[in-house]
Undergrad: 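Dropping the structure in here first, questions after.
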Amino acid sequence: MDRIGQMERTIARLTSPGRGILAADESYPTITKRLSDHGIESTEENRRFYRSLLATTPGVEAYVSGIIFFEETLGQKTDEGVRIPEACDRQGIVPGIKVDKGLTELPGTDGEKITQGLDNLGDRLDGYLEQGALFTKWRNVYAITPSTPSRQALETNAEVLARYAAIAQSRGMVPIVEPEVLMDGDHDMARCAEVTEAAQGAVFEALRRHRVTLECMILKPNMVLPGKSQPRPSVEACAEATLKVLRRTVPAAVPSINFLSGGQTSEEATAHLNAMNRADGPRPWVLSFSYSRALQNPVQAAWQGDPANQGAAQKAFLKRARLNSLARNGQYEPAMEQESA
Ligand code: 13P
């Protein structure tokens, strides 16, 4: 199959009705932090067991179309000895891979960050393809302070994100483009909207400059919310503010927008997605999820690092995935949180 045909097939699988993406691609420091929050040690075996538990949850394929993994997982096997990407594929879940190499300081700015990992990216992608990954993710971050993000950070980050997307597409791999405006701070929702619009605006300009095929990519944005220390407006107000920015910045050619959860509770992330899928006005894209914390927190809490809790952990994952699947169709009700998994 040609490059575009391969990506169109991956997009069709990833955006199939009622489904969304699980981000299980935490780097070593991040997974160590997430697991230690639940008193679990981040050993290689624990990471293998846990990510294999996620990928092989019976029935989850009805709600999850793709899983983004960290490099280490592509080479690991389930308890049955099946390579984890292969186990996903057998369940109809598309395996993907986070390909950026994390954040470093952007010199010339006041402590702002840039994402690294472009050197030899094409060669690394060839290896990931061989291991079964069909799509990729790259994350940039933008912190809101009275003086940031700077124009330099907006433009440089956009350039790097677009170069990544162009390289991924040159290998026939769908890029998930993730410009994350962080929730930390005491700014209001209007400021988050302004920064999110500026960040996404610069990203789409750069994507055009690098001739990225918009039909063969997925945008993974933050939702528009006030800073963490501020009171939360209504679910509908956040949904409206987020949609307003997306309508201004994201061309209708982009097939799907899969949100990150960014530190929202599981219930908030589900409710916000639901409200967007119920809102009036144009929504030319699929609006779905690509959550890490909002999907995995309850799973880690149920697992506790004990193999005997595998069933309970998978039940927790299935419940969260099902509720987000309903939210992707605008059919979620908060009362459903009380139902058993
Ligand atoms: P959160 O949903 O926890 O924000 O993570 C999404 C993600 O993949 C960040 O890159």
Undergrad: Treating Ser288 as the side-chain partner and Asn258 as the backbone partner, does any N or O pair qualify as donor plus acceptor under 3.5 Å?
TA: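 The answer is no, because no donor-acceptor pair under 3.5 Å joins these two groups.
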Undergrad: Between Glu26 and Gln296, is any side-chain donor less than 3.5 angstrom from a side-chain acceptor?
TA: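 Looking only at side-chain atoms, Gln296 and Glu26 do form a donor-acceptor pair, the distance falling under 3.5 Å.
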Undergrad: Taking atom types as modelled and ignoring hydrogens, do the side chains of Thr56 and Gln91 form a donor-acceptor contact shorter than 3.5 angstrom?
TA: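 Their side chains do not contain a donor-acceptor pair, so the 3.5 Å distance test is not met.
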Undergrad: So if I apply the side-chain hydrogen bond (donor to acceptor under 3.5 Å, both in side chains) rule between Thr115 and each of Asn140, Asp100, Thr104, which one comes out positive?
TA: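 Among the candidates, only Asn140 passes.
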Undergrad: Any side-chain donor-acceptor pair under 3.5 Å between Ser52 and Gln76?
TA: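 Short answer, no.
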Undergrad: I'd like to check Phe289 versus Ile21 (side-chain heavy atoms, cut-off strictly below 4.5 Å). Are they in contact?
TA: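 No - every pair of side-chain heavy atoms lies 4.5 Å or more apart.
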Undergrad: Determine, using the 4.5 Å side-chain heavy-atom cutoff (strictly less than), whether Leu154 and Leu182 are members of one ILVMFWY cluster.
TA: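 Shared cluster, no.
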Undergrad: Test your reading of the model: is there a side-chain donor-acceptor pair from Thr43 to the backbone of Asn46, 3.5 Å cut-off?
TA: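 Answer holds: yes.
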Undergrad: Under a 3.5 Å distance rule, please check whether Ser229 uses its side chain to pair with a backbone N or O of Gly185 as donor and acceptor.
TA: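 Confirmed, Ser229 side chain pairs with Gly185 backbone.
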Undergrad: Mind checking whether Ser266 and Pro298 have side chains closer than 4.5 Å, heavy atoms only?
TA: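 Yes; the side chains approach each other to less than 4.5 Å.
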Undergrad: Do Val224 and Leu243 have side chains that approach each other closer than 4.5 Å (heavy atoms only, starting at C-beta)?
TA: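 No - every pair of side-chain heavy atoms lies 4.5 Å or more apart.
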Undergrad: If hydrophobic clusters are built by linking Ile, Leu, Val, Met, Phe, Trp and Tyr wherever their side-chain heavy atoms come under 4.5 Å apart, do Val286 and Leu246 end up in the same one?
TA: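 No, Val286 and Leu246 fall in different hydrophobic clusters.
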Undergrad: At their closest point, which heavy atom of Ala23 faces which heavy atom of Lys220, and how far apart are they?
TA: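 So the two residues come closest at CB-NZ, 3.7 Å.
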Undergrad: Is it true that atom CD of Glu45 has more than 12 heavy atoms of other residues, nucleotides or ligands lying nearer than 6.0 Å?
TA: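 More than 12 heavy atoms, drawn from other residues, nucleotides or ligands, come within 6.0 Å of this atom.
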Undergrad: On the 0 to 90° scale, with breaks at 30° and 60°, tag the Tyr28-Phe70 ring pair as parallel, tilted or perpendicular.
TA: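 Aromatic pair Tyr28/Phe70 classed perpendicular.
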Undergrad: Under 6.0 Å from the CZ atom of Arg9, do we count more than 12 heavy atoms belonging to anything else shown?
TA: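 Counting neighbours around CZ of Arg9, 12 or fewer heavy atoms of other residues, nucleotides or ligands fall under 6.0 Å, so no.
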Undergrad: Quick check for you: to the nearest 0.5 Å, what is the distance between Asn274 atom CG and Tyr332 atom OH?
TA: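 Result: 7.5 Å between the selected atoms.
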Undergrad: Can you give me the closest heavy-atom contact between Tyr128 and Glu71, atom names plus distance?
TA: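 Between these two residues, the closest heavy atoms are OH-OE2, 2.8 Å.
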Undergrad: Would you say Gln200's side chain and Pro179's backbone share a donor-acceptor pair under 3.5 angstrom?
TA: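 A pair under 3.5 Å: no.
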Undergrad: Testing the basics here: between Gln152 and Leu106, what is the closest heavy-atom pair and its distance to 0.1 Å?
TA: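 Taking every non-hydrogen atom into account, NE2-CG, 4.1 Å.
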Undergrad: Is there a donor-acceptor pair closer than 3.5 Å between any side-chain N or O of Arg328 and the backbone N or O of Arg19?
TA: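 The answer is yes, because a donor-acceptor pair under 3.5 Å joins these two groups.
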Undergrad: So Leu225 and His272, do their side chains get closer than 4.5 Å, heavy atoms only?
TA: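 Counting from C-beta outward, His272 and Leu225 do come under 4.5 Å.
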Undergrad: Which atom pair, heavy atoms only, marks the closest approach of Val181 to Ile144?
TA: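 Nearest heavy atoms, Val181 then Ile144: CG1-CD1, 3.6 Å.
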Undergrad: Under a 3.5 Å distance rule, please check whether Lys98 uses its side chain to pair with a backbone N or O of Thr136 as donor and acceptor.
TA: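 No.
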Undergrad: Using a cut-off of 6.0 Å, state whether more than 12 heavy atoms not belonging to Asp280 lie near its atom CG.
TA: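 It does not: Asp280 CG has 12 such atoms or fewer within range.
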Undergrad: Mark yes or no for whether Thr156, through its side chain, and Ala153, through its backbone, hold a donor-acceptor pair below 3.5 Å.
TA: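 Here the side-chain-to-backbone pair does not exist.
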Undergrad: If every non-hydrogen atom of Phe135 is compared with every non-hydrogen atom of Val94, which pair is closest and at what distance?
TA: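 Heavy-atom minimum between the residues: CE2-O, 3.3 Å.
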Undergrad: Which residue pairs pass the salt bridge (charged side-chain N to carboxylate O under 4.0 Å, His left out) test when at least one of the two sits in residues 225-237, sequence neighbours left out?
TA: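 As it turns out, the salt bridge (charged side-chain N to carboxylate O under 4.0 Å, His left out) pairs with a partner in residues 225-237, which skip direct neighbours, are Asp184-Lys228, Arg232-Glu268.
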Undergrad: Compute whether any side-chain donor of one residue and acceptor of the other, for Glu159 and His210, lie under 3.5 angstrom apart.
TA: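 On atom types as modelled, these side chains qualify, holding a pair under 3.5 Å.
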Undergrad: Is Asn297 reaching over with its side chain to a backbone N or O of Thr265, donor-acceptor style, under 3.5 angstrom?
TA: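 Not at all, since once roles are kept as given, no pair shorter than 3.5 Å links the two residues.
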Undergrad: Any sub-3.5 Å donor-acceptor pair from Thr73's side-chain atoms to Phe69's backbone N or O?
TA: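 It does not hold such a pair.
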Undergrad: Verify the cluster assignment for Ile40 and Tyr50: are they in a single hydrophobic cluster under the rule of side-chain heavy atoms below 4.5 Å apart?
TA: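 Cluster IDs for Ile40 and Tyr50 match.
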Undergrad: Would Glu61 and Arg90 pass as an ion pair if we require N to O under 4.0 Å?
TA: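 Answer for the salt bridge query: no.
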Undergrad: Check for me, please, whether Leu118 and Met173 land in the same ILVMFWY cluster - side-chain distances under 4.5 Å, paths through other members count.
TA: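 Same hydrophobic cluster.
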Undergrad: Are Leu295 and Leu260 linked, directly or through intermediate hydrophobic residues, by side-chain heavy-atom contacts shorter than 4.5 Å (ILVMFWY only)?
TA: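 In one cluster with Leu260: Leu295, no.
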Undergrad: Pairing donors with acceptors under 3.5 angstrom, does anything connect the side chains of Asp25 and Ser292?
TA: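 No, no side-chain donor-acceptor pair sits under 3.5 Å.
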Undergrad: Tell me, do Gln314 and Lys319 make a side-chain contact under 4.5 Å, heavy atoms counted?
TA: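 When only atoms from C-beta onward are counted, Lys319 and Gln314 do not touch, as no gap falls below 4.5 Å.
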Undergrad: Any idea which heavy atoms bring Thr148 and Arg191 closest together, and the distance?
TA: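 Closest heavy-atom pair between Thr148 and Arg191: O-NH2, 2.9 Å.
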Undergrad: Between Ser261 and Gln264, is there a donor-acceptor pair closer than 3.5 Å when you use the side chain of the first and the backbone of the second?
TA: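 The answer is no, because no donor-acceptor pair under 3.5 Å joins these two groups.
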Undergrad: Set out, in order, the CA-CA distance, both residues' side-chain angles and the distance that settles side-chain hydrogen bond (donor to acceptor under 3.5 Å, both in side chains) for Asp110 and Ser150, then state yes or no.
TA: CA-CA 9 Å; Asp110 188 12; Ser150 64; over 6 Å; no
